[in-house]
Participant: 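Have a look at this one before I ask anything.
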Amino acid sequence: MVKFYNTMSKKIEEFIPGGEKKESINDYPPVSIYSCGPTVYGFAHIGNFRTFLFNDILRRFLKFRGFKVNHTMNITDVDDKTIKGALSEGVSLKEYTARFTDIFFEDLKKLNIEEFEHYPRATDSIDAMNEIINRLEKKGLVYKDNNSIYFSISKYSDYGKLSKIDPESIKSGTRYDTDEYHKDDIRDFALWKEISKEEPGWQIDLGYGRPGWHIECSAMIRKIYNTTIDIHTGGVDLVFPHHENEIAQSEAAFDEPFVRYWLHAEHLLVDNSKMSKSKGNFYTLNDLIEQGFSSRAIRYLLLTAHYRKQFNFTLDNLKNASQPLSRIDNLVLNCEKSQKSGEIRELIKDRIDKLINDFTSSLDNDLNVSGALGHFFEAITDFNKYYTESNFTLEESRIILECLQKIDSVLGIIFFKEEKKVSLSEQDIEDYIIKRDNAKKDKNWDEADRIRDLLLDKGVVLEDSKEGTRWKTV
RNA sequence: GGUCUCUUGGCCGAGUGGUUAGGCAGCGGUCUGCAAAACCGUUUACGGCGGUUCAAAUCCGCCAGAGACCUCCA
């Protein structure tokens, strides 16, 4: 049974897409998921990517479990920061955001994050925003101040149910900077914002201006799904006020529940403090790749901790992340080089079944990836034992590799495709190995070691064994 | 000030009433011409103090420390 922690109920709940329990997973309609995406004003940092990786695992796991998914991530391409960035560079907003959107998608690819079904842009969803604002206006929930349009929280009784915030307490919150607001009530939020002359603007029925931050998500969800969605995800920092405001405007406009399950990913910390652009304590993906780290190791490291726990990022941890990966690679190599014919050992079949069961039940329980990885490494140890007892037969290799494929459809770290930085062709390497074998036969150890060092220098590691020498990249 | 979360062995991290998670590092071993790589093994840890219970890392209370949200944020 698949279970998720729902921020709304603060409990772990059975996951039932569509709100109606069915006999079999195949009977459910596609799971509708909306994940808050990036504001494209600069490079995303790996804290951002922790959340996006969480979305990826969620999606991959649901598919692994047999659900169909229909997944959306928005691209916020108009807001204070994007406008400011475009103005300061003297380029159009569109040109500016397109550049960072492209970079964002490249980074997702580097981290082996699957492509989702929809990537709507805020600026392409103005019509849907207009509809919501009109509906709210008809219900008397909005007011205008100059050319800005605000949502009036005092007229909406359900406000605060997600973040469990007491609306009254916001009034007395010490950290509100009242000077920035010209509202009836400090708690109200902008649906539509007045703009200055040099800013880009759009015409909607109630005025000329640009979208408020919260309206785009409500608009896109309505536009794409047209009704209550199953899962809405984001970072914990979005619970309040962003998601709270989405609920208010969507449920008030359409008189139906907005979202069934709210899933929030915790923050990545650096030196025990939140990684964020405003604090300046962040790493981008390219920062780390330039330092020689692989995006595969970064993906692995960011997956090792449960998504609902804060995780302290350190370069030391990242350095240690490549070792377990080479253990995985070694198992794959052992399978791929098997040539032997013969029966499949019962104990290998049983071990595969156990692994799939353990792996699935860990993930069933609110996506416990750490637990699932633990089961995976336990199985690797066992497979290695069986291999040491007797090399895998072709059929054994086939079923193990099949099992690994299945597991990797969730993890995305086993068959992670990465550009190899090896300048030699496979043929060159094979030739070197033959040369070295001959040197070894002649007991010419100096020459043998010279070839070994030469290859190592080019990123190729040689492994001698009874069956001969095999190689792999560093 | 208000709201909430976390504290597990040298390090990282699951578990959440009774069953040795796992990974990294270190150490020991197998293999090897020597290495490397690989593989195997590696003796039970849960912030402190109380309480509940036959039984607590797990539940409750207090204390200490850390972090997040209340403002743009993943």
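Note that these values count all heavy atoms, side chains included, but never hydrogens, waters or copies made by symmetry. First the proteins, then the strands, lettered A, B, ... as listed; each starts at 1. From a predicted model like this one, the values you see are computed outputs, not experimental measurements.
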Participant: By the definition ring pair (Phe, Tyr, Trp, His ring centres under 6.0 Å), identify the one residue from A:F52, A:F116, A:Y34 that meets it with A:H71.
Facilitator: A:F116
Participant: Can the ring centroids of A:F105 and A:Y119 be said to lie less than 6.0 angstrom from one another?
Facilitator: yes
Participant: Give one of base, sugar-phosphate or nothing for A:D464, where a contact means two heavy atoms less than 4.0 Å apart.
Facilitator: base
Participant: Return yes if a side-chain donor-acceptor contact under 3.5 Å exists between A:Y41 and A:D80, otherwise no.
Facilitator: no
Participant: For RNA chain B, whose closest nucleotide is more 5', that of A:E463 or that of A:L238?
Facilitator: A:E463
Participant: Can you measure A:D237 atom CG to B:G67 atom P for me and round it to whole angstrom units?
Facilitator: 17 Å
Participant: Heavy atoms under 4.0 Å, any strand shown: does A:K274 hit a base, just sugar-phosphate, or nothing?
Facilitator: base
Participant: Under 4.0 Å from OP1 or OP2 of B:A68: is there any side-chain N or O of A:K279 that close?
Facilitator: yes
Participant: With sugar-phosphate meaning primed atoms plus P, OP1 and OP2, does A:L301 contact a base, only sugar-phosphate, or nothing at under 4.0 Å between heavy atoms?
Facilitator: nothing
Participant: How does protein contact run along nucleotides 18-25 of chain B, one letter per nucleotide 5' to 3', with B for base contact, S for sugar-phosphate only, - for none, heavy atoms under 4.0 Å?
Facilitator: ---BSSSS
Participant: Output yes when at least one side-chain N/O atom of A:K319 is less than 4.0 Å from OP1 or OP2 of B:C12, else no.
Facilitator: no
Participant: Does B:A68 have OP1 or OP2 sitting under 4.0 Å from an N or O in the side chain of A:K309?
Facilitator: no
Participant: Answer with base, sugar-phosphate or nothing: what part of the nucleic acid does A:K164 contact at a heavy-atom distance below 4.0 Å?
Facilitator: nothing
Participant: Less than 4.5 Å apart, side chain to side chain, heavy atoms only: is that true for A:N55 and A:I33?
Facilitator: no
Participant: If we count only N and O atoms by modelled type, under 3.5 Å, do the side chains of A:E426 and A:W471 hold a donor and an acceptor together?
Facilitator: no
Participant: Determine whether A:R470 and A:E463 satisfy the following criterion, salt bridge (charged side-chain N to carboxylate O under 4.0 Å, His left out), listing intermediate values before the conclusion.
Facilitator: CA-CA 5 Å; A:R470 74 180 186 191; A:E463 296 179 5; 3.1 Å; yes
Participant: For nucleotides B:G23 and B:C63, find the distance between their C1' atoms and express it as a whole number of Å.
Facilitator: 34 Å
Participant: Rounding to a whole Å, what distance do you find between A:W471:CH2 and B:A35:C1'?
Facilitator: 21 Å
Participant: If you check every side-chain atom of A:R436, which of B:C69, B:A74, B:G33 has the closest atom?
Facilitator: B:G33
Participant: Indicate, with a heavy-atom threshold strictly under 4.0 Å, whether A:L333 touches base, sugar-phosphate, or nothing.
Facilitator: nothing
Participant: Calculate the interatomic distance between A:Y41 atom OH and B:C72 atom P; express it in whole Å.
Facilitator: 13 Å
Participant: Check whether the side chains of A:K472 and A:S326 place a donor and an acceptor atom closer than 3.5 Å, and report yes or no.
Facilitator: no
Participant: What distance, rounded to whole Å, do you find between the two C1' atoms, one in B:C70 and one in B:C46?
Facilitator: 32 Å
Participant: Round to a whole Å and report the spacing from CZ of A:F282 to P of B:C72.
Facilitator: 20 Å
Participant: Report the nucleotide, chosen from B:C69, B:G33, B:G67, that has the shortest atom-to-atom distance to any side-chain atom of A:N272.
Facilitator: B:G67
Participant: Measure from CZ on A:R308 to P on B:C69 and round the result to the nearest Å.
Facilitator: 18 Å
Participant: Under the criterion salt bridge (charged side-chain N to carboxylate O under 4.0 Å, His left out), I'd like the reasoning laid out for A:D382 against A:R351: C-alpha separation, chi angles, the key distance, then a yes or no.
Facilitator: CA-CA 8 Å; A:D382 286 341; A:R351 193 62 189 82; 2.6 Å; yes
Participant: Can you tell me which stems involve RNA chain B, if a stem is defined as three or more consecutive Watson-Crick or G-U wobble pairs, both distances under 3.5 Å?
Facilitator: B:1-7 with B:64-70, B:10-12 with B:22-24, B:26-30 with B:38-42, B:47-51 with B:59-63
Participant: By nearest atom, which of the nucleotides B:U16, B:A68, B:A14 is closest to the A:A305 side chain?
Facilitator: B:A14
Participant: Under 4.0 Å, counting only non-hydrogen atoms across every strand here, what does A:S326 touch: a base, just sugar-phosphate, or nothing?
Facilitator: sugar-phosphate
Participant: What nucleic acid atoms does A:N368 come within less than 4.0 Å of, heavy atoms only: base, sugar-phosphate, or nothing?
Facilitator: sugar-phosphate
Participant: Which nucleotide sits closest to the side chain of A:H267: B:A37, B:G33, B:A74?
Facilitator: B:A74
Participant: Using a distance-only test with no angle check, is there a side-chain donor-acceptor pair under 3.5 angstrom linking A:K81 and A:T39?
Facilitator: no
Participant: Just checking A:F311: base, sugar-phosphate only, or nothing, at a heavy-atom cut-off of under 4.0 Å?
Facilitator: sugar-phosphate
Participant: Checking all strands, does A:G234 fall into the base, sugar-phosphate, or nothing category for heavy-atom contacts under 4.0 angstrom?
Facilitator: sugar-phosphate
Participant: For the pair A:W262 and A:H264, name the ring-plane relationship: parallel under 30°, tilted 30 to 60°, perpendicular over 60°.
Facilitator: parallel
Participant: Closer to the 5' end of RNA chain B via nearest nucleotide, is it A:K472 or A:N317?
Facilitator: A:N317
Participant: Do A:K110 and A:N286 have a side chain donor and acceptor closer than 3.5 Å?
Facilitator: yes
Participant: Please work out if A:T314 contacts a base, only the sugar-phosphate, or nothing of the nucleic acid, heavy-atom cut-off 4.0 Å.
Facilitator: nothing
Participant: Using the P atom as the point on both nucleotides, what is the distance between B:A45 and B:G33, in whole Å?
Facilitator: 43 Å
Participant: Would you mind classifying the nucleic acid contact of A:D449 as base, sugar-phosphate or nothing, using non-hydrogen atoms under 4.0 angstrom?
Facilitator: base
Participant: Between the side chains of A:T469 and A:D464, does any donor sit under 3.5 Å from an acceptor?
Facilitator: yes
Participant: Just to be sure I understand the rule, does A:A265 reach a base, reach only the sugar-phosphate, or reach nothing, if contact means heavy atoms closer than 4.0 Å?
Facilitator: nothing
